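A short worksheet on the structure shown next.
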Amino acid sequence: MASPELENILDHYRNPRNYGELLDADIRVKDSNPLCGDVVEMHIKVRDGVVEDIKFRGKGCAISQASASMLTERVRGMRLEDVKNIDRQQILDMLGIELSPVRLKCALLSLKVLKTGVYTYLGQIVERED
Ligand code: FES
């Protein structure tokens, strides 16, 4: 029988939370895992520096899509400045299973997408304030 952690991953894969798109998103970002071509796209609505709403969509393995689903749940309501500090260990803790180096890339794809979007957005704000 699968561990509770694995069951949780499969549940997020089969029933992804926050799946879809946000038409009025402030951040739209998409990237792929170069090893396999699998894709994660995120749409984020920002209000006062906080993730007000977030959706994702994509295609790929259970780890990559479940990781994206869990990450959207985690960051809703979080300050962008705090999102910047999420690290790989937090993603691994969130998934709760041992991962091979190849699977690590799957797990971290959503974090790469999220951070790219947030850094780009914050960069744009800095430029606008100049
Ligand atoms: Fe493509 Fe996992 S096999 S992201």
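Owing to the predicted nature of the structure, the values given are computational and were not obtained by experimental measurement. Remember, it's 1-based here, ligands and their atoms both numbered in the order they're listed.
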Non-hydrogen side-chain atoms of N8 and M70 separated by less than 4.5 Å: yes
K105, NZ: over 12 other non-hydrogen atoms inside 6.0 angstrom: no
Among R28, R57, K55, salt bridge (Lys or Arg N to Asp or Glu O under 4.0 Å) partner for E41: R57
Side-chain heavy-atom pair V40, L114 within 4.5 angstrom cut-off: no
Co-membership, hydrophobic cluster, residues L22 and V113, 4.5 Å side-chain: no
Close side-chain approach of L122 and K84, heavy atoms under 4.5 Å: yes
Under 2.8 Å from atom 2 (Fe) of ligand 1, the protein N, O or S atoms, given as residue and atom: C61 SG, C106 SG
